[in-house]
*Asks:* 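Please find one structure pasted underneath; my questions will follow.
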Amino acid sequence: MASDFIARLSAAVRGSEAGDAAHRDLLGRAIADTVGVAAAGWGEPAVRAALSAYRGGSARSWSGEALEGEDAAVMIDAIAAHALDFDDVYLDSATHPSAVILPAILRADRHDDPAEILAAFAAGLTAALAVARRLGAGHYHRGWHGTGTIGAFAAAAAAGRLRRLDERQLASAFALAAAQSGGLRANFGTMAKPAQAGLAAAAGVRAARLAAAGLQGSPDIFAPGGYADLYGAADGAADPGEDAFRSRPDLLALKLYPCCYASHRLIGLALDARAALGAGVAEGATRFRVLAPRRSLEVLRHDRPANGLEAKFSGPYAIAAALLDGPPGLRHFDGTAPAAATRPLLDRIELSDASALDSGGDITAGEVTMEVLDSAGAPVARFARRAIPGSPEDPPTRAAVAAKLAGCLAVFEKGFGRPFPLLPKVLAMPEVAAWLAPAEAAPRGRPGTDAPDAHPLRQWAGS
């Protein structure tokens with residue numbers, strides 16, 4: 001007999017639907033964004049290494065490459081979607097959900113009903129939130145990577161909904177997902193981080209496939225001594241409210257910069273200062289004193305990053321890049337990063353905790369502040385920011401989404417000499433095409449060649 005939590009979760013997953021027009025539109029945005037960032041991520045070292053391990057076979061990746069089988073294709077598509085750390089964020093579930101969910105249900109070599117894809121995607125979001133509530137925030141703060149752990153349940157739910165698993169099969173799928181879930185924050189700043197997303201996506205598909213074939217697991221993986229007790233920190237809800245079993249794409253945050261989300265509020269703060277004081281704000285001996293709620297920047301581990309991956313997890317570097325160049329783009333975190341121009345500025349940025357407020361690890365807590373000081377140490381200006389750019393509190397415009405996706409798709413086309421192969425498939429889904437279609441109308445100049453300064457591809461494609 002399944003536990004009440006598993007029974008409620010299974011019922012929510014089985015009853016998942018695409019929803020009303022507003023709900024479908026937000027699901028379409030998430031899918032479009034995931035396809036775009038995966039296209040741009042295809043040339044990343046983590047993806048190329050995984051391809052070299054699994055190339056050749058009957059399955060097809062989103063990029064068109066032949067791979068050993070479905071497991072490999074799902075895993076590598078998810079690695080590509082998370083490789084740039086440019087994919088969306090669901091803070092309420094402590095995951096990057098779409099990079100794990102979409103590869104589990106949208107296959108290049110399969111033709112599922114688009115309405116079923118949307119319903120399955122919604123089911124994945126539902127499971128991500130429900131499992132996160134059951135585990136509690138302490139799961140992430142203990143050092144687990146939620147995308148790798150909770151993400152396995154989200155992928156299993158999405159794949160299970162697509163396969164129309166019954167209640168007992170879904171319970172088994174969740175037990176099998178739990179048996180495979182993993183991922184450590186200690187891997188942040190390395191190629192293992194996106195690999196953890198890939199492993200979670202493949203684990204979810206594998207769990208649903210095995211459950212559909214009759215392989216049974218515990219009907220009560222969240223019973224005493226089960227998943228929540230082992231992976232949690234005793235701060236989860238034993239009986240989550242009904243709101244934990246709903247699909248909430250409105251809570252997804254779309255990333256506007258290709259780096260750790262914990263740095264985005266710092267970037268927004270730096271851009272506020274640059275807009276007010278001018279593009280030359282970082283010149284001379286100007287200093288910047290930045291305060292953030294205590295423990296809100298724990299994940300930003302590298303004060304002086306040595307490479308692009310470490311730069312994605314550096315608060316001072318994110319601030320410096322934004323002050324010098326405006327919105328950071330892919331070039332700020334590529335193989336040549338960190339740029340030499342940022343190094344002198346890093347020594348003039350003081351980033352520290354404001355002891356008055358303990359965030360408990362919540363990157364949205366309170367506000368971040370920046371005090372700009374002249375060469376003599378006298379205050380010039382002060383700025384404060386609460387909302388993270390791209391979050392539900394400060395949502396991106398459609399134009400910003402279109403520019404991001406146009407640039408991401410251009411990165412793939414420039415690198416591989418052809419359009420992203422998955423594009424026709426997703427453009428056939430009206431809810432997705434509504435977000436991608438504006439990108440088609442963008443100017444077609446290529447980054448670093450004939451694109452003018454105002455070209456919408458510049459900040460995204462790294463020109």
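Note that the coordinates shown come from a computational prediction; the quantities given were computed from them, not determined experimentally.
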*Asks:* With no hydrogens and no angle check, do the side chains of T364 and D362 hold a donor and an acceptor under 3.5 Å apart?
*Replies:* yes
*Asks:* Counting C-beta onward and ignoring hydrogens, is there a side-chain heavy-atom pair between V368 and L266 closer than 4.5 Å?
*Replies:* yes
*Asks:* CG of L423 to CZ of R418: how many Å apart, nearest 0.5 Å?
*Replies:* 12.5 Å
*Asks:* Quick one: list whatever passes side chain to side chain contact (heavy atoms under 4.5 Å, CB included) with A30, sequence neighbours left out.
*Replies:* D88, S98, F121, L252
*Asks:* Are the side chains of I363 and R265 in contact, using a 4.5 Å heavy-atom criterion?
*Replies:* no
*Asks:* Report yes if some heavy atom in the side chain of V205 is under 4.5 Å from a heavy atom in the side chain of P103; otherwise report no.
*Replies:* no
*Asks:* Suppose we screen for side chain to side chain contact (heavy atoms under 4.5 Å, CB included). Which residues come up paired with S10, at least two apart in sequence or across chains?
*Replies:* I6, E167, L170, F174
*Asks:* Which heavy atom of L297 sits nearest to which heavy atom of A262, and what is that distance?
*Replies:* CD2-O, 3.8 Å
*Asks:* Evaluate the side-chain proximity of K404 to P258: yes if any heavy-atom separation is below 4.5 Å, no if none is.
*Replies:* no
*Asks:* Would you indicate whether the side-chain heavy atoms of D303 and S314 approach each other to under 4.5 Å?
*Replies:* no
*Asks:* Does the side-chain contact (heavy atoms from CB on, under 4.5 Å) test come out yes or no for R246 and T126, once each step is laid out?
*Replies:* CA-CA 5 Å; R246 295 174 183 163; T126 298; 5.7 Å; no
*Asks:* Going by atom types only, do D325 and H332 share a side-chain donor-acceptor pair under 3.5 Å?
*Replies:* yes
*Asks:* Pick one: which of R60, R107, R206, R110 meets salt bridge (charged side-chain N to carboxylate O under 4.0 Å, His left out) with E70?
*Replies:* R110
*Asks:* Answer yes or no: is there a donor N or O on one side and an acceptor on the other, between the side chain of S172 and the main chain of Q216, under 3.5 Å?
*Replies:* no
*Asks:* May I ask you to check whether Y317 and S263 show a side-chain donor-acceptor distance below 3.5 Å?
*Replies:* no
*Asks:* Picking from N187, V100, T149, what satisfies side chain to side chain contact (heavy atoms under 4.5 Å, CB included) with Q196?
*Replies:* N187
*Asks:* Quick one: are the ring centres of Y261 and Y90 less than 6.0 Å apart?
*Replies:* no
*Asks:* Do side-chain atoms of W62 reach the backbone of L106 as a donor and acceptor pair under 3.5 angstrom?
*Replies:* yes
*Asks:* Could you tell me whether R163 atom CZ has more than 12 heavy atoms of other residues or ligands within 6.0 Å of it?
*Replies:* yes
*Asks:* What is the distance from atom CD1 of I117 to atom CZ of R161, rounded to the nearest 0.5 Å?
*Replies:* 10.5 Å
*Asks:* Does the S16 side chain pair with the main chain of V13, one donor and one acceptor, at a distance under 3.5 Å?
*Replies:* no
*Asks:* Under the rule for ring-ring contact (aromatic ring centres under 6.0 Å, His included), what residues qualify as partners of F420, not counting sequence neighbours?
*Replies:* F412
*Asks:* Does K255 count as lying over the ring of F86, i.e. NZ or CZ under 6.0 Å from the six-ring centre, within 45 degrees of the axis?
*Replies:* no
*Asks:* Would you indicate whether the side-chain heavy atoms of P249 and L27 approach each other to under 4.5 Å?
*Replies:* yes
*Asks:* Does E310 reach the main-chain N or O of A306 with its side chain, forming a donor-acceptor pair under 3.5 Å?
*Replies:* yes
*Asks:* Please name all residues satisfying side chain to side chain contact (heavy atoms under 4.5 Å, CB included) with R133, sequence neighbours left out, ordered by chain then number.
*Replies:* L129, P240, D243, A244
*Asks:* Is the F153-F222 ring centre distance short of 6.0 angstrom?
*Replies:* yes
*Asks:* Quick one: CD1 on I101 to OG1 on T95, what's the gap to the nearest 0.5 Å?
*Replies:* 7.0 Å
*Asks:* Are the side chain of R185 and the backbone N or O of Y140 linked by a donor-acceptor pair below 3.5 Å?
*Replies:* yes
*Asks:* Would a line drawn from the ring center of F313 to the ring center of H302 be shorter than 6.0 Å?
*Replies:* no
*Asks:* Can you find a pair of side-chain heavy atoms, one from W144 and one from I150, that are under 4.5 Å apart?
*Replies:* no
*Asks:* Please name all residues satisfying side chain to side chain contact (heavy atoms under 4.5 Å, CB included) with A40, sequence neighbours left out, ordered by chain then number.
*Replies:* L84, L330, C408, V411
*Asks:* Given the rule in the salt bridge (Lys or Arg N to Asp or Glu O under 4.0 Å) test, do R248 and D250 qualify, once you have shown the distances and angles that lead to the verdict?
*Replies:* CA-CA 5 Å; R248 294 293 305 274; D250 57 307; 2.7 Å; yes
*Asks:* Cut-off 3.5 Å, side chains only: do T147 and H82 have a donor facing an acceptor?
*Replies:* no
*Asks:* Quick check: do V401 and D33 have side-chain heavy atoms less than 4.5 Å from each other?
*Replies:* no
*Asks:* What side-chain donor-acceptor pairs closer than 3.5 Å can you find for residues 44-56, not counting sequence neighbours?
*Replies:*
from, atom 1, to, atom 2, distance (Å)
R48, NH1, W42, O, 3.1
S52, OG, A49, O, 2.6

